[in-house]
Amino acid sequence: MDEIESAKVESIASSLRKIVGEEFVSAALFERIVSAEDTYPYMLREEEVPYAVVMPGFKEEISKILKFANKENVPVFVRGSASQLAGSTRPHTHGIILSINRLNKMKIFEDYNFFECEPGCVVGKVAEEIGRLGYFLPIHPGSQAFARIGGTVCNNTSAHLVDTSIGKMGDYIMGVEVVLPNGDIMETGTKGMRRPAGTDLTKFFVGGDGLLGVITKMRMRLLPDFNHAYAAVYYSNVRSLAQGVQRLYYEKRPMPLMMELMDEKTAKVGFEVKGLPPPPGAVTIFDSIGYSKEDAERRRDLVLQSLKAENPLEVEVIEDMDRWRALWATREVISSFLSQSSGMQWKSAEVIPNLKYLPDAAEECEHFNQGLPICGSLQNYLYGHIGAVSLHPGILVPRDWDGEMQRAAYTELFEREAELTLKYGGCGGEWGQFSKRKSFFVRRYGEVGYEFVKSIKKAIDPNNILNPGILEGYR
Amino acid sequence: MNEEHSLENLIDKLSDTITRCRGCMQCYTVCPLVESTHGFPTQGARGILRAILYGIRWDEVLGTEDKNELRDIVYACTTCAACEIKCKSSGAGVPIVELIEDGRKLLVEGGVGPLENQRIALKSIESLGNPYAAASESRLDWLKAFSERRRLSCKVVPDDRNVDLLLYVGCTASYDESIQKVACSLVTLLEEMKINYGVLKEERCCGSPANRAGERRIFSDTSAENAKRFEEYGVKHIITISPHCYNTFVNEYPELMKKIKIQHYTEFLSDMMEEGALVPQKELGKRVTYHDPCYLGRRNNVYEAPRRVLKSIPGLVVVEMKRNRQDSLCCGGGGGRMWAAVEEVTRLSQIRLREAMEVNAEIIATGCPWCHIQLEDAVKDTNNEDKITVKDIAELVAEAL
Ligand SMILES: Cc1cc2nc3c(=O)[nH]c(=O)nc-3n(C[C@H](O)[C@H](O)[C@H](O)COP(=O)(O)OP(=O)(O)OC[C@H]3O[C@@H](n4cnc5c(N)ncnc54)[C@H](O)[C@@H]3O)c2cc1C
Ligand code: SF4
Ligand code: SF4
């Protein structure tokens with residue numbers, strides 16, 4: 001780092017220290033580097049190394065940091081657990097990393113039928129806390145154990161949950177508290193049971209890609225937990241399986257809470273890792289919910305009726321929770337296992353087709369990377385939240401490719417994802433709209449749509465202080 | 001293999017294996033560093049690994065201050081292996097602890113590691129055979145003092161080599177006044193069982209602290225010499241007081257150690273109880289919880305023997321803390337941290353103490369001198385002496401005779 005850089009690092013860090021206190025600021029090089037990383041394998045470029053990392057504990061401190069950033073014209077990058085999968089937490093220039101992890105308090109108000117929590121709360125912990133009182137958290141990503149509420153709210157992710165079963169997490173968020181880019185603090189939404197009619201400010205921030213403010217609190221309705229009934233169904237190919245899922249919709253079945261797919265090649269890996277005999281073919285596992293055990297079982301059986309019409313190889317009604325957990329684990333271990341055991345890094349894509357062309361899309365996703373100049377010859381796997389009509393092809397990118405080559409490979413895979421989602425008429429349901437996915441947005445909604453977002457961003461954040469790069473589409 | 005060659009190998013291995021980490025972040029959910037600090041990203045397994053990787057790839061642009069920062073990050077790890085088990089549970093697993101220790105080796109080669117106090121401790125191991133700067137001649141003072149209080153049949157090897165079992169006392173139980181009583185309790189039990197046992201006349205450190213600190217040379221000298229002596233004295237069976245010595249003998253010593261049966265003392269006591277050679281008689285009438293030391297539990301899968309021993313004591317009610325066995329929380333004393341002033345916002349030992357108190361335990365039992373010291377400090381620092389005490393399993397069994 002040259003002289004000017006280190007002078008700037010020092011001056012920014014010392015201003016931040018005055019705001020939050022000595023121990024909550026780091027200007028140490030390795031801290032700055034690691035705090036700018038996400039789950040991507042390639043290393044930072046030197047110009048991406050931040051000036052400082054700050055961990056405020058209160059919204060007032062965040063307000064002061066944003067005011068300072070505006071005055072000094074230094075970008076602020078907000079960070080939860082940095083597990084977002086489309087590159088949103090990677091800064092593309094020097095700046096301040098603002099970690100929200102100290103804001104981690106929550107409070108349950110059963111008499112109002114909601115809970116409030118700060119953005120640094122870990123999703124899984126929140127689920128556990130409200131679960132103890134008999135409520136279900138409608139946020140269920142594979143990253144539950146470490147993803148934070150703040151990042152999840154910004155993405156408004158459906159994650160593993162089937163949207164058409166209980167809706168998206170945003171449907172349960174009653175309001176948020178945000179610090180706007182200029183430092184003003186604002187509360188949105190309601191404490192009542194009815195959603196605001198007309199302009200609902202909450203909607204600018206839930207699924208707002210972190211563009212318009214730093215979320216410092218959210219309020220969410222308490223959703224009573226369900227009873228569950230489980231099953232697994234095996235097919236000789238993904239087309240039949242996908243047609244089974246279409247039938248659920250066409251035959252007006254109650255959609256399961258979660259319904260996963262693994263194609264045969266992928267399922268074989270998961271089953272082997274978990275020490276289970278190989279599956280006979282592609283598999284779907286699902287979790288039907290009801291208000292009583294009998295209700296859940298009745299719904300499961302209705303789902304099975306439709307699935308059976310597509311000639312499955314095997315139908316397995318699951319009564320034993322250990323069996324369910326083992327099957328669920330087969331799905332969860334795949335990406336980690338393949339990355340760690342091969343010389344490759346797992347890169348998922350998210351292809352969202354419309355319902356009508358789900359079988360075609362699923363088949364095409366089994367050859368997702370076919371014909372790509374960089375990634376065409378790499379291994380392709382397929383799983384997905386099939387009940388939600390969502391597909392996740394996964395590609396193994398070699399670890400020994402150099403950083404720039406890996407970046408190019410990732411970009412290529414995102415482009416392919418955009419192409420297929422455009423072709424099949426959907427829109428990503430999990431990882432936000434911009435950063436590495438910007439080109440989809442522009443192609444889907446046109447320059448008009450893109451300009452619309454840009455002008456809102458410009459109105460609220462004229463100096464482009466907050467999370468710059470996300471909207472511009474970081475490469 | 002010349003030095004340079006092996007250094008290159010180390011760098012290659014680190015660069016290759018670290019990139020196997022796929023950034024799933026699972027390790028952060030169990031890492032005691034995350035729990036005991038403000039949780040900056042370098043205070044957790046993946047962050048430490050990535051820092052090492054940048055340390056290698058960006059070596060040329062790093063100044064002294066940067067390197068010292070890297071050292072502090074890499075040496076903060078307690079080597080508790082919680083991350084590794086988590087990582088493995090969702091995939092093939094990254095050998096995280098090995099990589100962190102390799103990172104330390106690299107820092108030592110570069111003249112950056114270890115930490116200052118570790119340097120002093122390691123010097124002391126070389127010159128005096130213990131990390132505590134204590135005189136080697138006084139290593140058996142505890143035994144002499146004890147033998148003044150009761151008649152002992154304990155032999156001193158090699159003066160008398162005819163023993164069935166060697167008690168490897170270890171440095172902490174030899175020198176630390178608060179842990180010597182553990183050694184005395186164990187000796188009492190060996191006497192009670194009429195075992196033909198002995199201790200080494202010139203016992204030396206097992207070398208574990210050198211390995212944790214990345215000092216390959218000191219470790220290989222120490223281990224080679226100790227192993228040679230065990231062989232020369234015809235040792236067939238060793239029990240250790242510390243899980244750290246145990247782990248080092250079992251997993252890190254030269255091949256020739258494979259001929260010797262090595263046990264942690266709790267395993268030996270459990271075997272003896274099973275054979276009916278040791279039967280605690282006296283009612284203790286207390287509520288006890290067992291704290292799994294990392295190097296006995298996660299590192300060597302010894303979870304049940306200590307519990308079996310506790311459960312055989314009449315009147316002792318054994319309750320489990322929320323985190324037990326594989327999920328046990330590190331006390332903070334491992335990985336060379338007995339000689340490191342690592343920043344802790346909340347002391348791990350105090351978190352652990354709270355967990356024991358949450359299940360209303362009156363005693364925290366453990367089987368590791370360092371856990372013992374850490375937990376005892378936590379009891380004192382939080383003024384809980386009248387509510388809870390820390391005991392080694394050997395002490396409890398001896399009390400119940
Ligand atoms: C192994 C693994 C499995 C995953 N599984 C899923 C899955 O099943 N479904 C799914 O949808 N995603 C999944 N993800 C992606 C990721 O976990 C989620 O997107 C999660 O919601 C991100 O949370 P985070 O705390 O890591 O946020 P971050 O990545 O830290 O932040 C995400 C974005 O939100 C912004 N942000 C964060 N907090 C705030 C705040 N308080 N105010 C303003 N902006 C903020 C950040 O600037 C960034 O742009 C997975 C990731 C991994 C590594
Ligand atoms: S659990 Fe393993 S693979 Fe996942 S981030 Fe940690 S070290 Fe990497
Ligand atoms: S060994 Fe323990 S302290 Fe070290 S990184 Fe892993 S979990 Fe954290």
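So you know, we letter chains A, B, ... as the sequences are listed, proteins then strands, and number each from 1.
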Take a 6.0 Å sphere around CD of Glu344(B) and say whether it holds more than 12 heavy atoms from other residues, nucleotides or ligands. yes

Any chance NZ of Lys105(B) has more than 12 other-residue heavy atoms, nucleotides or ligands included, within less than 6.0 Å? yes

Sort out for me which of Gly47(B), Gly93(B), Gly55(B) touches chain A most, counting heavy-atom pairs under 4.5 Å. Gly93(B)

Whatever's closer than 4.5 Å to a heavy atom in chain B on Ser99(A) counts as neither

Please rank Glu65(B), Gln43(B), Arg46(B), Glu69(B) by heavy-atom pairs under 4.5 Å with chain A and give me the top one. Glu69(B)

Please report the shortest heavy-atom distance between Phe30(A) and Asp66(B), naming the atom on each side. CE1-O, 3.3 Å

Given Val345(B), Ile73(B), Leu53(B), the one with more heavy-atom pairs under 4.5 angstrom with chain A than any other is Leu53(B)

Side chain, backbone, both or neither: which part of Arg79(A) has a heavy atom under 4.5 Å from chain B? side chain

Residue, of Glu332(A), Glu37(A), Gln345(A), that accumulates the most heavy atom pairs under 4.5 Å with chain B: Glu37(A)

Cut-off 4.5 Å, heavy atoms of chain B, and the answer for Ser143(A) is neither

Is Phe24(A) close to chain B through its backbone or its side chain, or both, or neither, when contacts mean heavy atoms under 4.5 Å? both

Identify which part of Val273(A) has an atom lying under 4.5 Å from any heavy atom of chain B, answering side chain, backbone, both or neither. neither

Check whether Asp38(A) gets within reach of chain B through its side chain, its backbone, both or neither, counting any heavy atom under 4.5 Å. backbone

Looking only at heavy atoms, which of residues 330-339 of chain B get nearer than 4.5 Å to chain A? none

In residues 13-42 of chain B, which residues are in contact with chain A at a heavy-atom separation under 4.5 Å? Asp16(B), Thr19(B), Arg20(B), Cys21(B), Arg22(B), Gly23(B), Cys24(B), Met25(B), Gln26(B), Thr29(B), His38(B), Gly39(B), Phe40(B), Pro41(B), Thr42(B)

Looking only at heavy atoms, which two atoms of Gln340(A) and Cys87(B) are closest? And how far apart? NE2-SG, 3.4 Å

So CD1 of Ile33(A) and CZ of Arg50(B): to nearest 0.5 Å the spacing works out to 10.5 Å

Report yes or no: does Tyr54(B) contribute a side-chain atom to a donor-acceptor pair with the main-chain N or O of Leu44(A) at less than 3.5 Å? yes

